[in-house]
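Because the structure is predicted, anything quoted here is derived from the model rather than measured.
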Amino acid sequence: MAMASSSSRNGGTRGGSMRPVSGANSSNLRSSSFKSRIPSSAPAPRRSSSAALGGGGGGDNGVPGRVRVAVRLRPRNADECVADADFADCVELQPELKRLKLRKNNWDTETYEFDDVLTESASQKRVYQVVAKPVVESVLEGYNGTVMAYGQTGTGKTFTLGRLGDEDTAARGIMVRSMEDIISGTSLDTDSISVSYLQLYMETIQDLLDPSNDNIAIVEDPKTGDVSLPGATHVEIRNQQNFLELLHLGETHRVAANTKLNTESSRSHAILMVHVKRSVVEHEDSVSNETDNSSHFVRPSKPLVRRSKLVLVDLAGSERVHKSGSEGHMLEEAKSINLSLSALGKCINAIAENSPHVPLRDSKLTRLLRDSFGGTARTSLIVTIGPSPRHRGETTSTILFGQRAMKVENMLKIKEEFDYKSLSKKLEVQLDKVIAENERQLKAFDDDVERINQQAQNRISEVEKNFAEALEKEKLKCQMEYMESVKKLEEKLISNQRENGKRNGEVNGVVTASELAKLKESLEEEIKLKKAAEEEVNKLKSQSTLKTRSGEGEDAGMSRLQKLLEDEALQKKKLEEEVTILRSQLVQLTFEADQMRRCLDRGAPGNSYSDTDSLPSRHSQARESVNGQKAPFATLCEQVGLQKILQLLESDDANIRIHAVKVVANLAAEAEANQEKIVEAGGLASLLMLLRSYEDETVRRVAAGAIANLAMNEVSQQLIVDQGGISLLSLTAADAEDPQTLRMVAGAIANLCGNDKLQARLWSDGGIKALLGMVRCGHPDVLAQVARGIANFAKCESRATTQGVKSGRSLLIEDGALPWIVQHANDEAAPIRRHIELALCHLAQHEVNAKEMISGGALWELVRISKECSREDIRSLAHRTLSSSPVFRSEIRRLGIHF
């Protein structure tokens, strides 16, 4: 309620009803002795707010750490001016003596002392300087502090504490002024300020900055007994405007109601918590040496962090139901308010009287304020009262509450700790300097080594050059000697030949004549053969000319015959294609009949050729032979030829294409050797071309099934990725609506997810997003394939993380798969549930995923899996993962989960 200034009533009397306190009238007045005066020795000298925290400020009794209490009188409002026009105020203030006289009747008064007495004309600034400023300064020094407003409803508590002053800056309350001083007293570079704004409504702590957070738990440290609210919203404050916006937001969410005593009566206790963290440096200490007093060494300064908390509490007003007119739900609110205020009064009485038991747990309000009364915080209490004699009982109760609070003493302590982060940062800077210097030295050393190597290289080059010149000279010398030797030998050889030629001249002449005769005979025979060949050529030319003349009349018949032959060849080709298709259809029908017969023998329904979940079993079935015979599709491949079957994939007839794709799919399912042959023959490229070129749903479904079968081979998987298969499968998944087509595509991507080498490529090409996009279908078979793909991907990620190949959080979480995984972790379908449970266990094995999994609700599913999963191996894996993770263990302890 607004506390507008009016004419001063603190020293006036009405109708002579107030009597002065004097010895002459001591027999009639009990006001000559102060009620509930705090026993003390001689008053302590006045201290500044930065001195020892024992009640700084003049006028107190000098007890260190005592709760300081100020009383503030509200001026009369319009209703009181009319209703109490003929009655005097029930209180008389003596601010210069810091006393308050409470008029019981026309002749009897009671006098009380407070640390400060504020009249109805006191400004908001003076109230802040007297009540809250010493506490704020203590908070800036590292102490905890509390400022609390208590009083009857409608006496101005919210005005004093929480007035924002949007229209009149002079009307700003303690909250706004406190934050102004805190911001001006801290540095944004080294210090931090954060706030939480709460309300205690009907014994429930609610977040005024986040209304959805309406049941915040109180956590107590078992060692120190400190209380905290880890679930509350903490907002960092950078400037005053930011803080004012938060206060506006909180005020809109606070519960208020219209009563007979107050048109805007607060129905909850508002609690503003300001957390201040300041970085300070401990002063250097000179420590003397024991052996030599003149020598000393300097202890290095230590970086410290002081963490303090300012708690501003706007208590809901106490009220009497018959005066406030509360009824219905407002009556329940009034009961809750009065019970919490009563519990607070009991705790203050117990602390003031040094009782061995303080009932702190009777209310959440007392638990939150345990550090403010009897703890380590510096506490200031302002009690607000009204002047109306009609509310003399409530005013008396408020004054007595303040008197009891003045007896409470706190043990003030600075909350400081070693600043490991600052020291670490300083050491990092020093380390960077050392590393830089080391790099410079290494660079200089490398330069020296390079220079020495260059000098050695130059020396070696010079030596090699000298050696090469000497070697060349020696080589020339040897060549000259060799040439001279050869020349001498040639001269000697010529002389010897001349001597031998004279002796053998006759024999050589006879031999030469006989050889010439033989050559002449051979030449004559060759000439005869040549003439005979020329005559034969002439005969053939003449015969050819005659045939050419006679054949001109037969050209027309030959062209007709050639056309008939071409038509016959084309018809033969078509017949061969039809025979091939009929053979493939016959073999496929035989295979499907055998498969159906086996399924009926087992009592299970038949399955299509492209079900990726059943591919391993189909391989085993295909490997089995019937009466020692080969598999039917292998027989077809031998009879027709794989290359012809693959050529039919490009046929213009849609039925032919579909039958050809089915044959290829079944060949791929029969044996791994068939898969390699299909890939080597270009079948994979043809299947991908069908996906890319045709929009026919049947063709795309059968082609996707064939690709899924080929994707079971590791070599084929790499080729699928290299040829853009992931992008094509993703496009097909986005366009298709048929559940069977989506099942084939999901099966193909799920098989690719099991390859460790393709993880990054699969994610970058959109494979994971395509897999998650197919859940829109909702068909159980499609969801089972999606779950299998996620489980395969998570398993490969877990293995890569364990081996140190991968770091950072899971790519599945990056693509937003976690909500769907958590939603289907307890699916009714066993295949979906089994794969999702495995995926959760593998994701949880990497510590960096823990926080996202906790916030996404996966922790509860992991606990359930560790207890309820039907498979022992998955149960054990979940339990082992939760036990080995520090983050999960901490959250489990916080939530009180037993597993």
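When all heavy atoms of R776 and A736 are compared, the pair lying nearest together is NH2-O, 2.8 Å. Of all the heavy atoms in G747 and A708, the pair that sits closest is C-CB, 4.3 Å. Minimum heavy-atom separation, A704 to M744: CB-CB, 3.7 Å. For the residue pair A711 and A748, the shortest heavy atom distance occurs at CB-O, 4.1 Å. Considering every non-hydrogen atom in both E714 and N755, the closest pair reads CG-ND2, 3.7 Å. The two residues I832 and P780 make their nearest non-hydrogen contact at CD1-O, 3.9 Å.
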- Task: I would like to know whether R788 and N751 meet side chain to side chain contact (heavy atoms under 4.5 Å, CB included); could you show each step before the answer?
- Result: CA-CA 9 Å; R788 182 169 70 88; N751 289 338; 3.0 Å; yes
- Given T801 and Q845, is the side chain to side chain contact (heavy atoms under 4.5 Å, CB included) satisfied, shown in steps? CA-CA 9 Å; T801 303; Q845 287 181 340; over 6 Å; no
- Task: Would you check, one step at a time, whether the test side chain to side chain contact (heavy atoms under 4.5 Å, CB included) holds for L758 with I720?
- Result: CA-CA 11 Å; L758 305 179; I720 290 172; over 6 Å; no
- Go through M853 and L840 one step at a time and tell me if the side chain to side chain contact (heavy atoms under 4.5 Å, CB included) criterion holds. CA-CA 9 Å; M853 295 187 71; L840 276 175; 3.9 Å; yes
- Query: Can you list the steps and then say if R894 with E891 is a salt bridge (charged side-chain N to carboxylate O under 4.0 Å, His left out)?
  - Reply: CA-CA 5 Å; R894 188 182 74 82; E891 185 67 10; 2.8 Å; yes
- Item | Worked verdict on E861 versus R864 for salt bridge (charged side-chain N to carboxylate O under 4.0 Å, His left out) | CA-CA 5 Å; E861 294 300 333; R864 179 192 61 77; 2.9 Å; yes
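With sequence neighbours excluded, the residues satisfying side-chain hydrogen bond (donor to acceptor under 3.5 Å, both in side chains) with H248 are D166.
Proximity of P886 to E847: side-chain heavy atoms (C-beta onward) are separated by under 4.5 Å at one or more points. Side-chain contact between L783 and V775 is present, with at least one heavy-atom pair separated by less than 4.5 Å. Contact check for L198 versus D207: side-chain heavy atoms found under the 4.5 Å cut-off. Looking only at side-chain heavy atoms (C-beta outward), S855 and K851 stay at 4.5 Å or farther from each other. The shortest side-chain heavy-atom distance between C753 and I768 falls under the 4.5 Å cut-off. Contact check for R875 versus E837: no side-chain heavy atoms found under the 4.5 Å cut-off. When side chains are defined from C-beta on, R278 does not count as touching T190, because their heavy atoms never get closer than 4.5 Å. Taking 4.5 Å as the limit, every side-chain heavy atom of R307 sits out of range of all side-chain heavy atoms of H275.
Of the inter-residue distances, the one linking H879 atom NE2 with T881 atom OG1 reads 10.5 Å to the nearest 0.5 angstrom. Here CZ of F793 is found 5.5 Å from CG of L812. Values are rounded to the nearest 0.5 Å. Once rounded to the nearest 0.5 Å, the distance linking CD of Q785 with NE2 of H779 reads 11.5 Å. One finds the OG1 atom of T233 at 6.0 Å from the CG atom of L209 (value rounded to the nearest 0.5 Å). Interatomic distance, L882 CG to L859 CG, rounded to the nearest 0.5 Å: 6.5 Å. Rounded to the nearest 0.5 Å, atoms CG (L877) and NE2 (H842) are 6.0 Å apart.
Screening L772, L838, L843 for a side-chain contact (heavy atoms from CB on, under 4.5 Å) involving I790 leaves a single residue, L772.
Judged as a salt bridge (Lys or Arg N to Asp or Glu O under 4.0 Å), the pairs with a partner in residues 764-773 (not counting sequence neighbours) are, in order, R761-D765.
Remark: the backbone N or O of D221 is not paired with any side-chain donor or acceptor of D226 at under 3.5 angstrom. The main-chain N or O of V863 is found under 3.5 Å from a side-chain atom of S866 such that the two form a donor-acceptor pair. Between the R833 side chain and the D827 main chain, a donor and an acceptor come within less than 3.5 Å of each other. At least one donor-acceptor pair under 3.5 Å links the side chain of H846 to the backbone N or O of G808. Between the side chain of Q740 and the backbone N or O of R701 there is no donor-acceptor pair closer than 3.5 Å. A donor-acceptor pair under 3.5 Å is formed between the side chain of D191 and the backbone N or O of S279. Using a distance-only test at 3.5 Å, with no hydrogens or angles considered, no donor-acceptor pair links the side chain of S890 to the main chain of V887. For the pair R809 (side chain) and N849 (backbone), a donor-acceptor distance under 3.5 Å is absent. Judged by distance alone, the side chain of N213 and the main-chain N or O of G231 form a donor-acceptor pair under 3.5 Å.
In the displayed structure, E437 atom CD is contacted under 6.0 Å by more than 12 heavy atoms of other residues, nucleotides or ligands.
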